[in-house]
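Being a predicted model, the structure only gives us computed values, none of them experimental. Residue numbering restarts at 1 for every chain, and letters A, B, ... go by the order of the sequence lines. All values below were derived from every heavy atom in this structure, side-chain atoms included, with hydrogens, water molecules and symmetry-related copies excluded.
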Amino acid sequence: MTDNRFDPSSADGRWQRAWEEAGTFAADSNSEKPKSYILEMFPYPSGRIHMGHVRNYTMGDVLARYKKMRGHEVLHPMGWDAFGMPAENAAMEKKVHPGDWTRSNIEAMKAQLKRIGFALDWTREFATCDPEYYGHEQALFLDMYEAGMVYRRSSEVNWDPVDMTVLANEQVIDGKGWRSGAEVEKRKLDQWFLKITDFADELLEGLGELENWPDKVKLMQENWIGKSQGLEFSFDLSNGAKLPVYTTRPDTIYGASFCAIAADHPLAQALADDPAVAAFIDECKRGGTTAAALETAEKLGFDTGVTARHPFTGAPLPVFIANFVLMEYGTGAVMGVPGHDQRDFEFATKYALAITRVVAGDISQADAPMGDAAEPGDGVVVNSDFLDSMTVDDAKAEVIRRAEDGGWGEGKTVWRLRDWGISRQRYWGTPIPFIHCDACGIVPVPKDHLPVTLPDDVDFETPGNPLERHPKWKHCTCPKCGGEAVRETDTLDTFTNSSWYFLRFASQPSDKPFDAAEIAKWMPVEHYIGGIEHAILHLLYARFWTRALAKIGKFDVTEPFASLFTQGMVTHETYSLGDGSWLSPTEVRKDGADWVTIEGGAPVAAGRVVKMSKSKKNVVDPDNIIDQYGADAVRWFMLSDSPPERDLPWSESGIEGCGRFVQRLWRLFESVDADAVGEDKELARRSHQAIVAVAEDIEALSFNKAVARIYELTGAAEKAGQSESRNFAINAILHMVSPMMPHLAEEAWAKLGQEGMIADARWPEHDAAMLVEDEVTIAVQHKGKLRDTLTAPKGASKENLEALALASEKVQRSLDGAEVRKVIVVPDRLVNIVT
RNA sequence: GCCCCUGUGGCGGAAUUGGUAGACGCGAGCGAUUCAAAAUCGCUUUUCUACGGAAGUGCCGGUUCGAGUCCGGCCAGGGGCACCA
């Protein structure tokens, strides 16, 4: 008796080795074929592959394998985003070297990835902590320095007191460190910066050409870059100084009743000799920056006694130090227009300042009283002398024109985006390749001295930067004067590592970061797939690096990722005991309709379906699932049911269903009678239709729809009697599932006596003539409701369809003798009778 | 507060973009096979129904011969930004 089951435990590994030995997925850049670069965001080597990785890489894998079947030369690489703080945390907690910890994690995760059978080109694998990689990164950084894109300045930084490092604005969430969760402090430090603001305009404009990016991500980047246009002008102050302010509403200038400056504005600092002023400034700095604190924070001001002269009316406006004005945005000073800005309104109410209407619905409402809130909306300008009855937009332009003509102000664009602070006081990162010399100042490390490598002997017993404390590492000679000097001990933010890795995958010469000709062959990435959490940081930085390197003349690519796909999370039900403690899915079982613990049978509450996380214990380990069901069932599950951009709820019954389908397909493949003859036209037609539809679905990344179509055709083939058409259908199914369930497909391919591997096979051809149905089902409606369906030959005339519809007994019953006023016929689709 | 997205059976979700709502999967039920079980196969599964039908895609209204799809107004859930002048 033959065992007619597919056995993944023997087949999976066998085919994985076969692909590896044949070099099936190694990309040949000299190939004449059209090129496809498929990339998933490379993982941080945290220790284990989780289901989120599996979902991400399965999607990319289906695309890579499909593209190969379509005759493309595919680059589908994998590597490791290997620098970062968890390695240092592990070093501190477990007394291991960050490098050793990282490399053993890579080892383990690579073995896990290989078990899933991904079509990866492992020959291009690298980790960002390889000195070769970060050495080239240092070279690129020096190129950017030479091009004036890097600078150093003393700046107030976000200091994380727990991790003892500086954080980028992007890494501060609600005033807390993104990793430690500690309240972030302000400190002044000399920091390295990348001039991303020089690229603000093109990064914003470039979004326009990214047609295949989700609107959501583009919108988030647009908001992050935050372009606004307005007027910058200076008030003459009563103390003889000038006060530059920035406003996006110059049209409301006649409504200004005060000025407000930030607590750390130079003018405020100059007045800080007065203890009352100093006390107020201190109070402003203490204010929390959390969402909740801001929501409830009262608008506070301190009248400096100085007044500003209104540029048109000459009226004296009081100048306040105010807690709601930010030094980092615009000029750190604003004109307060209470009538049409909510913050100004609240401030004016508190300090009894004039609230004047200068915008109204129309000119006749100029004297309409203000309500209990500002009116920031559109309208016409009133109570504003020469601006009266102009639209808001015209008035803006007019005020800017007069300011420029009068030489007291100019139209200006202001960005929310700040320069990217890249200094990190950390060991496990790319050393910043600069040397500090007392005689020569800051000197770049000569390129032939690169890489500046990290020392191996480091101690993590005390917090802070181990490079700073290292006895020898930072001491060196100045490349310029040969005198004693010290190295820069800051390392680069890890986001720099992931800002160009896709270039290194495409081309990896040893003597330079990449080769322009090779980059031209592969870039841009055709499909980039990863999590929505990188919508701003990583994706903005990678776009910036690509544009910066293009500007230096490294290549012609401006946008690195032609199409972006952000996949949803893998979620799972949560389980908890009465005391609120979480239980892992392996600790519970279903007892009838209820959940109980496996040990002890205690009642368990099944909670919300949320992202798999260690803290909620609702994680499922891919390794265990692969042991149980094989790689193909897991891959199939990842593609089934949920649209890829949405969350995928993991379920035990779902994976079981996938395991069943793997066996069902195997039985179908085994049922092939190679000598079968005869045509089954209906099945043949459905096969051709599926070939077209599944291809379209895969190209649109609608894997759930492709899966559903494969189920349908499988069901039809199972029910059909033996025929050539049935063999054609099964062959089509085998090819269509091969990107999704490659091990099963190879095993069946071999068993059916086919040459070579299906990984090298082509996507099946369809016959356009076979797609057309000869009969169609026509819906018949009356009063907008479906009354009957009828079968008609495709292309039947309107008259025929109308006659057929009216002949229907059900339709006649519904008409009940009513007069037919109109009949709408949509050929091959429906007849709608109007009475 | 501002901006954006999403609401369809018990569940995940389809619906050629204005043309038969609920494909496909999961779950559930009934049956076949079996000494029994697993596995497998078949049928049923939106709701109500006086079995003729009627209602139904978060709610209210509109446009249309026809609305899950378009428009207006709500409600709920999720996400992003956040004192950005």
Side-chain angles (χ1 to χ4, degrees), chain A residues 5 174 214-224 226-228 230-231 245-249 252 260 262 287 289-291 293-295 297 299 322-326 328-337 340-344 346-347 376 414-417 532-533 535-536 571 609 636-637 640-643 645-649 651-658 660-661 663-664 667 693 696 702 704-715 718-719 777-790 810 813-814 821-826 828-835:
Chain A
R5 285 181 65 80
D174 285 345
D215 290 339
K216 185 182 178 177
V217 174
K218 286 189 278 189
L219 196 73
M220 282 163 71
Q221 292 214 351
E222 195 181 315
N223 290 339
W224 190 264
K227 182 179 187 172
S228 74
L231 170 69
V245 299
Y246 174 74
T247 177
T248 56
R249 292 297 302 273
T252 63
T289 50
T290 63
L294 289 176
E295 196 98 333
K299 302 284 177 288
N323 65 344
F324 65 92
V325 181
L326 303 173
E328 306 90 72
Y329 185 80
T331 60
V334 298
M335 66 168 190
V337 183
H340 305 283
D341 179 281
Q342 186 57 31
R343 288 159 309 174
D344 297 348
E346 287 169 29
F347 190 82
V414 169
W415 307 86
R416 209 193 81 110
L417 185 71
I532 186 73
E533 67 273 20
I536 298 171
T571 59
V609 179
W636 189 252
F637 184 95
S640 305
D641 292 353
S642 289
E645 68 277 12
R646 289 210 214 158
D647 289 351
L648 173 68
S651 77
E652 196 63 27
S653 52
I655 184 68
E656 275 170 20
C658 294
R660 277 200 299 274
F661 185 63
Q663 299 303 336
R664 210 176 126 194
R667 288 193 298 275
E696 281 173 2
S702 297
N704 56 321
K705 292 194 230 172
V707 162
R709 289 186 210 281
I710 290 170
Y711 271 117
E712 280 180 279
L713 186 60
T714 301
E718 284 171 336
K719 288 184 183 70
T777 308
I778 306 289
V780 185
Q781 296 180 337
H782 171 227
K783 289 193 222 161
K785 299 261 175 232
L786 182 73
R787 301 296 164 180
D788 198 5
T789 56
L790 40 98
K810 287 181 181 170
R813 198 185 320 149
S814 174
R821 291 194 296 139
K822 194 174 168 190
V823 179
I824 289 147
V825 182
V826 183
D828 294 337
R829 195 156 280 284
L830 65 71
V831 179
N832 193 359
I833 300 161
V834 188
T835 55

field: Polar contact flag, side-chain donor to acceptor under 3.5 angstrom, A:His782-A:Ser814
entry: yes
message: The side chain of A:Ser642 is closest to which nucleotide in this list: B:rG12, B:rG19, B:rA15?
response: B:rG12
- request: Between B:rG13, B:rG25, B:rU20, spot the one nearest the side chain of A:Tyr711, thanks.
  value: B:rG25
- prompt: Expressed as a whole number of Å, how far does the C1' atom of B:rA15 sit from that of B:rU69?
  reply: 10 Å
task: From the options B:rG66, B:rU40, B:rG12, select the nucleotide whose nearest atom is closest to the side chain of A:Arg667.
output: B:rU40
- prompt: Is the shortest side-chain N/O distance from A:Arg660 to OP1 or OP2 of B:rC26 below 4.0 Å?
  reply: yes
- prompt: Reading nucleotides 42-57 of chain B from the 5' end, what letters show protein touch, with B for base, S for backbone sugar-phosphate only, - for no heavy atom under 4.0 Å?
  reply: S---------SSSS--
message: For B:rA85 and A:Tyr329 - does any side-chain N or O of the residue sit under 4.0 Å from the phosphate oxygens OP1/OP2?
response: yes
task: Using the C1' atoms only, state how far B:rG18 lies from B:rG1, rounded to an integer number of Å.
output: 37 Å
field: Nucleotide nearest A:Phe324 (side chain, heavy atoms from C-beta), chosen from B:rG79, B:rC3, B:rC83
entry: B:rC83
- prompt: Looking at residues at least two apart in the chain, or sitting in another chain, which of them share a side chain to side chain donor-acceptor pair (under 3.5 Å) with A:Ser642?
  reply: none
task: Answer yes or no: side-chain N or O of A:Lys783 and base N or O of B:rC65 forming a donor-acceptor pair under 3.5 Å.
output: no
query: Out of A:Leu231, A:Asp344, A:Thr252, which residue meets the side-chain contact (heavy atoms from CB on, under 4.5 Å) rule with A:Met335?
result: A:Thr252
field: For A:Pro376, all residues meeting side chain to side chain contact (heavy atoms under 4.5 Å, CB included), sequence neighbours excluded
entry: none
- prompt: Any donor-acceptor pair under 3.5 Å joining the side chain of A:Arg249 to the base of B:rA85?
  reply: no
task: Name the closest nucleotide to the A:Val334 side chain, picking from B:rG13, B:rA85, B:rC65.
output: B:rA85
query: Do the side-chain N or O atoms of A:Arg416 get closer than 4.0 angstrom to the phosphate oxygens (OP1, OP2) of B:rA82?
result: yes
- request: Look at the side chain of A:Gln221 and the backbone N and O of A:Ala535, then say whether any donor-acceptor pair between them is shorter than 3.5 Å.
  value: yes
- prompt: Between A:Gly657 and A:Val834, who's closer to the 5' end of RNA chain B by nearest nucleotide?
  reply: A:Gly657
query: For atom C1', what is the distance between B:rG27 and B:rG77, given to the nearest Å?
result: 24 Å
Closest to the A:Leu326 side chain, choosing from B:rU16, B:rA23, B:rC84: B:rC84
Closest-nucleotide ordering on RNA chain B, the 5'-leading residue of A:Ile778 and A:Ile532: A:Ile778
field: Chi-based syn or anti call at B:rG80, which uses purine or pyrimidine torsion atoms and a 90° bound
entry: anti
query: What's the closest nucleotide to the A:Leu219 side chain, out of B:rC4, B:rG27, B:rA85?
result: B:rC4
- request: From the options B:rC65, B:rU20, B:rA85, select the nucleotide whose nearest atom is closest to the side chain of A:Thr248.
  value: B:rA85
query: Using a cut-off of less than 4.0 Å, is there contact between a side-chain N or O of A:Asn704 and OP1 or OP2 of B:rA14?
result: yes
- prompt: Among all residues two or more places apart in sequence or in another chain, which pass the salt bridge (charged side-chain N to carboxylate O under 4.0 Å, His left out) test with A:Asp647?
  reply: none
- request: Provide the distance between the two C1' atoms, one in B:rG31 and one in B:rA14, to the nearest whole Å.
  value: 29 Å
B:rG73 versus B:rC3 - spacing of their P atoms, nearest Å: 13 Å
message: Please give the distance between the P atoms of B:rU40 and B:rG56 as a whole number of Å.
response: 40 Å
Pairwise side-chain contact, A:Arg787 with A:Gln781, heavy-atom cut-off 4.5 Å (strictly under): no
message: Suppose you measure atom P in B:rG12 against the same atom in B:rC71; what distance do you get, rounded to whole Å?
response: 26 Å
- line: What one should report as the nearest heavy-atom pair of A:Ala322 and A:Phe347 is CB-CE1, 4.1 Å
query: Syn or anti for B:rG22, with syn set at within 90° of 0?
result: anti
task: Using the P atom on both, measure B:rG22 against B:rU45 and round to a whole Å.
output: 12 Å
message: Tell me whether the side-chain N/O atoms of A:Arg646 come closer than 4.0 Å to OP1 or OP2 in B:rG13.
response: yes
message: Run through RNA chain B and report every stem of 3 or more consecutive Watson-Crick or G-U pairs, distances under 3.5 Å, ordered by first number.
response: B:1-7 with B:75-81, B:10-12 with B:24-26, B:27-32 with B:40-45, B:46-48 with B:53-55, B:58-62 with B:70-74
- prompt: Are the side chain of A:Tyr246 and the backbone N or O of A:Val334 linked by a donor-acceptor pair below 3.5 Å?
  reply: no
query: Would B:rU33 be called syn or anti, given that syn covers angles within 90° of 0?
result: anti
message: Output the rounded distance in Å from CG (A:Leu648) to C1' (B:rC26).
response: 12 Å
query: So, A:Tyr711 versus A:Trp636, ring centres under 6.0 angstrom or not?
result: yes
query: Are the side chain of A:Arg821 and the backbone N or O of A:Val834 linked by a donor-acceptor pair below 3.5 Å?
result: no
task: Look at the side chain of A:Asn323 and decide which nucleotide, out of B:rG12, B:rC3, B:rC83, has an atom nearest to it.
output: B:rC83
- line: For A:Arg664, the side chain to side chain donor-acceptor pair (under 3.5 Å) test, sequence neighbours excluded, returns A:Glu718
- line: With the side chain defined as heavy atoms from C-beta on, A:Arg664 is closest, among B:rU6, B:rC24, B:rC41, to B:rC41
